[in-house]
Colleague: 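Here it is, the structure, as C-alpha cells.
Throughout, a chain's letter reflects where its sequence line sits, starting with A, and its residues are numbered from 1. Model, not experiment: these values are computed from the prediction.
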Amino acid sequence: MQYDFKEVEKKWKNRWYDENIYATNDDAKGEKKYVLVEFPYPSGSGLHVGHAFSFTAGDVYSRYMRMRGYNVLFPMGWDAFGLPTENYAIKTKRKPQEVTKENTEMFKQQMKDLGFSFDWDREVNTTDPDYYKWTQWIFIKLFEKGLAYKDEMPINWCPSCKIGLANEEVVDGNCERCGTPTEKRNISQWIVKITDYADRLIEGLKDTAFIDKVKAAQINWIDRKEWIDITYPIDGSSESVTVATTRPDTNFGATFIVLAPEHRLVDLLLKGDIITDQNIDSIREYVKKARNKSELDRQKEVIGREKTGVFTGMYAVNHLTGRKMPIWITDFVLSSVGTGAVVGVPGHDVRDFEFAQQFELPIVRVVVGKDGDMSEITKKEQVQEEEGTMINSGFLDGLDIKEATRKVMDYIEDKGWGKRSIRYHLRDWIFSRQHYWGEPIPMIHCDSCGWNPVPESDLPIKLPELDHYEPTDTGESPLAKVEEWVKTVCPKCGGVARRETDTMPNWAGSDWYFIRYLDNGNNSEIASMDKMKAWLPVDVYIGGDEHNTLHLLYSRFIYQFLYDLGHVPTSEPYYQRISHGVILGPDNRRMSKSKGNVIVPEDVTVKVGVDATRAYLMFIGPFDGTMAWNDNALMGVKRFVDRLYRMFITKYPEAGQDSEDVSRILHKTIKFATDGLASFQNNTVVAKWMELLNFLEKQDASNISKGTFEAFTKMISPIMPYIAEDLWNFMGYEFSVHQQSWPEYDEKWLQSDVVEIPVQINGKLKGKVEVSTDATEEDVKITVFANDQLKASLDGANIRKIIYVKGKIANIIV
RNA sequence: GGUCGAGUGGUGGAACUGGCAGACACGUGGGACUCAAAAUCCCAUGCUAGCAAUAGCGUGAGGGUUCAAUUCCCUCCUCGACCACCA
C-alpha cells in the first residue's frame with residue numbers, strides 16, 4: 001500500500017487548527033519555554049525556503065519541548081512595514097494595507113500547510129494601529145528621557161529619482177531602482193541615542209547564553225576603545241587642531257596631520273579666516289569634489305586605492321618632538337570618526353604610509369615587532385597592534401607598546417596637551433525615513449514650543465490612507481503633502497502646529513514584538529507585567545547572522561531602556577540566541593530570481609509531501625551550516641517516509657514481543673533523539689531514525705512489540721507531524737499524537753554485558769574481541785590470545801605493555 | 001584590512017570528553033522483478049596492489065605531544081560569512 005501524503009495531509013491539517021491544539025495557556029502546568037523565530041516580512045512572493053528551514057527547526061524544537069512537558073510558547077507575526085510593499089503598491093496603484101493583508105494571509109496559509117504549530121491566537125502585525133500605538137509610545141518615552149533628538153544628518157539621495165534612500169536601498173553606491181550613483185544630502189532627522197547604552201549592551205551579554213560568534217559580533221560592532229584627543233597649536237596662528245587617536249604611543253613618529261574635507265578648519269580656510277600661501281582655488285576644488293562623493297563611494301576599495309589630498313599651507317607643532325607637521329586635507333579621513341582629524345604616523349599605519357608615499361612626506365619608524373626586524377618598512381609589516389617595542393621615542397624607548405600607550409597618555413594629560421575619552425564604533429541611530437509605509441513618528445512641532453510628543457491619549461497616530469505614496473522630490477515624506485493630517489494643534493500651547501511627517505525605520509516595529517505576543521489584545525499597556533513575568537526572557541531565539549548586529553542590538557537596547565523605566569521585568573530580552581544556516585540553490589550559489597535557482601517550498605511539498613520536505617530540511621546538514629539544495633537527496637528522504645509507512649502497515653498488525661536486539665536499538669535511538677532534538681542536531685537524529693527503520697525492516701514482526709511502534713511514532717512526530725498523526729490513528733490511538741508525552745528510554749538497554757572492542761598492536765587495528773563489560777586487562781589478554789588471528793599477529797613478539805581502556809579499546813605495544 | 005568560522009570518499013555530511021575514520025543519505029556499478037520502462041527490492045562501493053586471504057596509504061600541507069590525534073599544540077596554505085580608509 002502506497003503512502004498517500006495528499007490524503008493524509010488533508011485529513012489532519014484542519015483538525016489540528018479546528019481543535020486549536022497548539023494554543024498556549026498562560027497558566028498551564030509545566031516549566032515555561034518561550035521559543036521565538038524571527039518573524040518574516042510578508043513579501044508578495046510567498047514563503048521562502050529559508051523561512052521553511054528556520055521555522056521548521058523552531059517548530060520541531062517546540063513540539064519536542066511540549067512532549068517533554070514544558071509549557072511552550074511558539075508564536076508568529078508579521079514585520080509588515082517596508083519598502084517592497086510600498087513600491088509594489090505604487091506600481092500597481094493599490095493600498096499597501098490591502099497588499100499587506102493579502103500577503104499575510106498567503107504566508108499564514110503556507111505556514112499552516114507546512115504544519116507549523118504556532119499559536120495563532122497571539123498573532124501580531126507591526127502595521128496594525130493597535131500594535132504600532134505601542135511602537136509610537138516607546139518613541140515618546142525615548143524622547144521624554146532625552147534619548148531622541150533632532151539633528152541634521154546626511155542621507156543618501158538619488159538625483160535621478162529625486163528621493164531620499166535608506167541605506168538598504170543603496171547598492172554599491174548606486175540607487176537600487178535606477179542605478180544612478182547616489183549623493184549625500186543633509187536633512188534634519190530624528191536620532192536615537194543608542195550610544196548611551198553602549199556599555200550596558202556589552203555588559204548585558206554576560207547574562208545571556210548567546211553563541212560565542214553572536215556575542216563577538218555585538219562586541220566588535222560596539223567596539224569600545226579608549227582614545228586620547230590631542231590638541232596641537234598651529235604655527236603662526238591662534239588656531240589649533242585637535243586629533244583623536246588610540247595609538248598615542250606612536251606619536252614620536254607623527255610627521256603630518258590630515259583633516260576630513262568637512263573639518264571646521266577647512267571651512268575657516270575657505271572663508272578666508274585663515275590665511276594661506278597655498279592656492280586657495282585648488283583647495284576649494286579638492287574639497288568640493290571630496291564632499292560630493294557619497295559615503296559609500298568613499299569607503300569603496302579602501303586599501304591600496306590611490307590616496308588623494310591637498311596641502312593647506314598650515315603646520316601643527318608636535319609637542320613631543322617639536323617637529324612641524326604639515327596639515328593636509330584628504331577624503332580618507334571621515335568627519336564622523338573621532339574628531340575628523342588624524343595625526344599621520346606613516347611608519348605604522350597602512351593608509352598613512354600610502355599617503356606619505358604619494359606626497360613624499362617623511363616616514364619615521366618608532367616600533368619594532370617581536371622579530372626585531374629593522375629592514376625597510378613595507379605595508380605588510382608596519383602595523384603592530386598586539387606587541388612591539390618602542391624605539392626613536394625618547395622616554396618611551398624600550399617599552400612595550402601597551403605600556404608606552406598608557407605612559408604617554410598620562411604624560412600628555414599631565415602636560416595639558418590632551419584628554420582621554422571613550423569612543424565607540426557604534427553610532428547613534430538615525431530613526432527617520434522619508435517614506436509612507438512606516439509608523440508615523442508621534443511628534444508635533446510648534447513654532448513657539450518646539451518639538452513635543454503627541455499626548456499618549458491620542459495614540460495611535462494612524463497613517464492616513466492616501467491615493468498616492470510616491471516619495472516627493474523635496475526629500476520629504478509623502479505624508480507632508482496631506483495638509484489636513486499634518487495640521488494640528490500644539491499639545492503645549494494649543495496653537496497651530498504641524499505633525500512630524502517622517503516615519504520610523506523597519507527596526508522600530510521588530511524591536512519589541514516578542515513582548516506583544518504575550519498580551520496582543522492589551523489596550524492599556526504594551527503587555528501586562530504578570531504575563532511578562534511568566535514568559536520573559538525568551539528562552540531560545542532563532543535567527544540569521546545578518547541580524548546579529550542591527551536587529552538584535554536595537555532590540556536589546558529598547559528592551560534595556562524599557563527595563564530602566566520599569567516596564568519590563570528582566571534586564572535582558574533573550575536568553576539563548578541560535579544562528580540558522582543558509583540554504584543555497586542546487587547550483588551551490590545563493591538563491592535569487594535572476595539566477596533562476598530559487599526553490600519554492602510549495603513546489604516541493606506538492607511533489608514529495610510536507611513530512612518529507614520537513615525531514616529533508618532537517619537532514620540536509622548541520623543547523624548553522626551553508627548547504628546546497630539537492631533534489632536527489634530529497635527523494636532519498638521521501639523514500640524513507642514511504643518505507644516507514646510500509647513497514648508500519650505490514651508489520652504492526654503482526655506485532656509481538658521485542659527481541660533483545662530490538663529493545664537495544666530502540667532505546668539507543670530514543671536516547672539519541674532525546675539529546676539531539678534538544679540541541680538542534682536534527683540531521684543526525686534523522687539519520688538514527690533511518691538506521692532504526694533499516695533494522696526493523698529486517699526483523700520478523702513477532703520480534704517487534706506494539707510499544708516499539710508506538711515509541712517510534714511519537715519520536716518522529718516533531719519532524720514529521722502528518723505521518724505520525726496518521727500512524728497513531730492507524731494503530732488505534734486517540735487524537736492526537738501531538739499531545740502525547742515524549743518516549744522514555746530505559747538505561748538498562750543502553751548497556752550490555754558483553755562488548756566488542758577493537759584490538760590494536762602498536763596503535764594499528766589488527767582485530768576485534770568480545771569481552772564482558774567489566775573485564776580486566778588480564779581477561780582481555782586471555783581473550784586476545786584465544787583469538788587465532790590476533791595470536792598469529794603477536795607470534796614471537798615481545799609484549800612490552802598493554803593499554804586497556806575499559807569497554808573502549810585495547811592497544812598492545814610490542 | 002578586521003572579526004568569526006571551516007577544510008574528512010565521486011557528493012552532502014557523521015565521529016560523545018583524545019580511543020574502530022567515513023554513520024546516514026546521494027551518486028555510481030552489478031543483480032532481481034518486468035515484454036519493456038518507471039517504481040520497488042537485494043548486493044557492492046575511501047584509495048592503491050592482489051583472483052583472494054591480506055598488505056600499504058588515508059581527515060588541506062609540514063612539524064610536535066601521546067600507547068593512541070579529524071580531535072590537543074606550533075608554522076603555513078586555501079575557502080566562506082559578517083564587517084570595513086574606525087586613525
Colleague: Starting at OH of A/Tyr616 and ending at C1' of B/C24, how long is that distance when rounded to a whole Å?
Modeller: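 That distance rounds to 14 Å.
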Colleague: Please state the C1' separation for the pair B/C35 and B/G50 - nearest whole angstrom.
Modeller: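 That atom pair is separated by 42 Å.
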Colleague: Between the base of B/A87 and the side chain of A/Arg351, is there a donor-acceptor distance below 3.5 Å?
Modeller: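 By the distance-only test, yes, there is a pair.
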Colleague: Within the structure shown, what part of the strands sits under 4.0 Å from A/Ile620 by heavy-atom distance: base, sugar-phosphate, or nothing?
Modeller: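 Touches sugar-phosphate only.
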Colleague: When you match A/Arg247 and A/Phe672 each to their closest nucleotide on RNA chain B, which lands nearer the 5' end?
Modeller: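 Residue closer to the 5' terminus by nearest nucleotide: A/Phe672.
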Colleague: For every nucleotide of nucleotides 38-50 of chain B, 5' to 3': is a protein heavy atom under 4.0 Å from its base (B), only from its sugar-phosphate (S), or from neither (-)?
Modeller: --SS---------
Colleague: Starting from C1' on B/A81, measure out to CD1 on A/Ile211 and report it in whole angstrom.
Modeller: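 One finds 12 Å between C1' of B/A81 and CD1 of A/Ile211, rounded.
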Colleague: Can we say A/Lys307 and A/Asp352 salt-bridge, meaning some charged N sits less than 4.0 Å from an Asp/Glu carboxylate O?
Modeller: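 No, A/Lys307 and A/Asp352 are not salt-bridged.
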Colleague: Is the closest basic N to carboxylate O distance between A/Asp587 and A/Lys595 below 4.0 Å?
Modeller: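 Salt bridge between A/Asp587 and A/Lys595, a charged N being under 4.0 Å from a carboxylate O: no.
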Colleague: Students often get this wrong, so: under 4.0 angstrom with heavy atoms, is A/Trp689 touching a base, only sugar-phosphate, or nothing?
Modeller: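 No contact.
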Colleague: When rounded to the nearest Å, what value does the distance between C1' atoms of B/A32 and B/A25 take?
Modeller: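 The answer is 23 Å between these two C1' atoms.
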Colleague: Are A/Asp223 and A/Lys225 ion-paired here, with the side-chain N under 4.0 Å from a carboxylate O?
Modeller: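 Salt bridge flag = yes for A/Lys225 with A/Asp223.
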Colleague: I'd like to compare against my own output: the B/S/- annotation of nucleotides 18-23 of chain B with a strict under-4.0 Å heavy-atom distance to protein.
Modeller: -BB--B
Colleague: Output the rounded distance in Å from NE2 (A/His348) to P (B/C85).
Modeller: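 Result: 23 Å.
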Colleague: Measuring from the side chain of A/Pro622 (C-beta onward, heavy atoms only), which nucleotide among B/C24, B/C86, B/G13 has the closest atom?
Modeller: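 Within the option list, the nearest is B/G13.
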Colleague: Does A/Arg247 come within less than 4.0 Å of A/Asp249, counting only side-chain N to carboxylate O?
Modeller: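 Here A/Arg247 pairs with A/Asp249 in a salt bridge, since their nearest N and O are under 4.0 Å apart.
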Colleague: For the C1' atoms, the ones on B/G13 and on B/G22, what distance do you get once it is rounded to whole angstrom?
Modeller: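 Straight-line distance between the two C1' atoms is 10 Å.
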Colleague: Please give the distance between the P atoms of B/G10 and B/G46 as a whole number of Å.
Modeller: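 Looking at atom P only, B/G10 and B/G46 are 11 Å apart.
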Colleague: Paired with B/G12 by Watson-Crick or G-U wobble geometry, both distances under 3.5 Å: which nucleotide is it?
Modeller: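 Partner of B/G12: B/C24.
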Colleague: Mapping A/Asn632 and A/Lys766 to their closest nucleotides on RNA chain B, which lands nearer the 5' end?
Modeller: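 Result of the comparison: A/Asn632.
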Colleague: Answer yes when A/Lys638 and A/Asp611 have at least one side-chain N-carboxylate O distance shorter than 4.0 Å, and no when they do not.
Modeller: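 Looking at A/Asp611 together with A/Lys638, the answer is no, because their closest N to O distance does not fall below 4.0 Å.
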Colleague: Partner of B/C4 by Watson-Crick or G-U wobble geometry, both contacts under 3.5 Å, or none?
Modeller: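 Pairing partner: B/G80.
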Colleague: For B/A87, what is the paired nucleotide under Watson-Crick or G-U wobble rules, both distances under 3.5 Å?
Modeller: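 For B/A87, the partner nucleotide comes out as none, under the 3.5 Å rule.
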Colleague: Base, sugar-phosphate, or nothing for A/Asp352, non-hydrogen atoms under 4.0 angstrom?
Modeller: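 Since no nucleic acid heavy atom lies under 4.0 Å of A/Asp352, the category is nothing.
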Colleague: Rounded to whole angstroms, how far apart are CD on A/Glu354 and C1' on B/C85?
Modeller: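 My rounded result for the distance is 9 Å.
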Colleague: For A/Lys806 and B/C67, give me the distance from atom NZ to atom P, rounded to whole Å.
Modeller: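 Taking NZ of A/Lys806 and P of B/C67, I get 23 Å after rounding.
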Colleague: Does the side chain of A/Asn548 get closer than 4.0 angstrom to OP1 or OP2 of B/A81 through an N or O atom?
Modeller: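 No.
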Colleague: I would like to know whether A/Lys607 and A/Asp631 meet salt bridge (Lys or Arg N to Asp or Glu O under 4.0 Å); could you show each step before the answer?
Modeller: CA-CA 11 Å; A/Lys607 200 167 71 179; A/Asp631 267 318; 3.5 Å; yes
Colleague: NA contact type, A/Lys764, heavy-atom cut-off 4.0 Å: base, sugar-phosphate, or nothing?
Modeller: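 Here A/Lys764 touches the backbone only, sparing every base.
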Colleague: So if I take every side-chain heavy atom of A/His425 and compare against B/C85, B/C86, B/A25, which nucleotide ends up nearest?
Modeller: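 Closest nucleotide to the A/His425 side chain: B/C86.
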Colleague: Say whether A/Tyr804 and A/Asn811, considering side chains only, have a donor N or O and an acceptor N or O under 3.5 Å apart.
Modeller: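 No.
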Colleague: Tell me if B/G63 is syn or anti. Syn = glycosidic torsion within 90° of 0, anti otherwise.
Modeller: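 Anti, since the glycosidic angle lies more than 90° from 0.
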Colleague: Using atom CG of A/Asp212 as one end and atom C1' of B/G5 as the other, report the distance to the nearest whole Å.
Modeller: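 It works out to 12 Å between those atoms.
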Colleague: Measuring only the P atom in each nucleotide, how far is B/U70 from B/C16? A whole number of Å is fine.
Modeller: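 Between the two P atoms, the distance is 13 Å.
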Colleague: Nearest-Å distance, CZ (A/Arg427) to C1' (B/C86)?
Modeller: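 After rounding, the reported distance stands at 7 Å.
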Colleague: Can a salt bridge be assigned to the pair A/Asp642 and A/Arg639 using a cut-off of 4.0 Å between side-chain N and carboxylate O?
Modeller: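 So A/Asp642 does not pair with A/Arg639 through a salt bridge.
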Colleague: If we count only N and O atoms by modelled type, under 3.5 Å, do the side chains of A/Thr242 and A/Thr339 hold a donor and an acceptor together?
Modeller: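 Note: A/Thr242 and A/Thr339 side chains miss the donor-acceptor criterion.
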Colleague: Among B/G13, B/C85, B/A87, find the nucleotide with the atom closest to the side chain of A/Asp331.
Modeller: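 So the side chain of A/Asp331 is nearest to B/C85.
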Colleague: P atom, B/G19 versus B/A69: distance in rounded Å?
Modeller: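 Looking at atom P only, B/G19 and B/A69 are 11 Å apart.
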Colleague: Which is true for A/Gly636 with a 4.0 Å heavy-atom rule: it touches a base, it touches only sugar-phosphate, or it touches nothing?
Modeller: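 Contact class for A/Gly636: sugar-phosphate only.
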Colleague: How about A/Phe53 and A/Trp629: are their ring centroids closer than 6.0 Å?
Modeller: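 Between A/Trp629 and A/Phe53, which both carry aromatic rings, the centre distance is not below 6.0 Å.
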Colleague: Only pairs with both distances under 3.5 Å count, Watson-Crick or wobble alike; so what is the partner of B/A49 in this structure?
Modeller: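 Checking every strand shown, B/A49 finds its partner in B/U54, with both distances under 3.5 Å.
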Colleague: Atom CD of A/Glu546 and atom C1' of B/C4: how far apart are they, to the nearest Å?
Modeller: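 After rounding, the gap between these two atoms is 16 Å.
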Colleague: When all nucleic acid strands are considered with a 4.0 Å heavy-atom cut-off, which category describes A/Thr549: base, sugar-phosphate, or nothing?
Modeller: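 Result for A/Thr549 = nothing.
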Colleague: Touch check for A/Asp349, heavy atoms < 4.0 angstrom, all strands: base, sugar-phosphate only, or nothing?
Modeller: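 The residue A/Asp349 makes no contact with any strand.
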Colleague: Are A/Phe256 and A/Phe359 close enough that their ring centres sit under 6.0 Å apart?
Modeller: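 For A/Phe256 and A/Phe359, the ring centres are not under 6.0 Å apart.
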Colleague: Rounded to whole angstrom, note down the P distance from B/A61 over to B/U8.
Modeller: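 One P to the other, the span is 10 Å.
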Colleague: If we call it a pair only when both distances are under 3.5 Å in a Watson-Crick or G-U wobble match, what pairs with B/C67?
Modeller: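 Check on B/C67: paired to B/G19, both distances under 3.5 Å.
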Colleague: Any salt bridge between A/Glu354 and A/Arg351, counting N to O under 4.0 Å?
Modeller: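 A/Arg351 and A/Glu354: not salt-bridged.
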Colleague: Determine the interatomic distance between P on B/U34 and the same-named atom on B/A38; round to the nearest Å.
Modeller: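 Nearest-Å result for B/U34 against B/A38 at atom P: 15 Å.
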Colleague: Looking at A/Thr231 and A/His319, what are the two nearest heavy atoms and their distance?
Modeller: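 Closest pair (atom of A/Thr231, atom of A/His319, distance): O-NE2, 2.7 Å.
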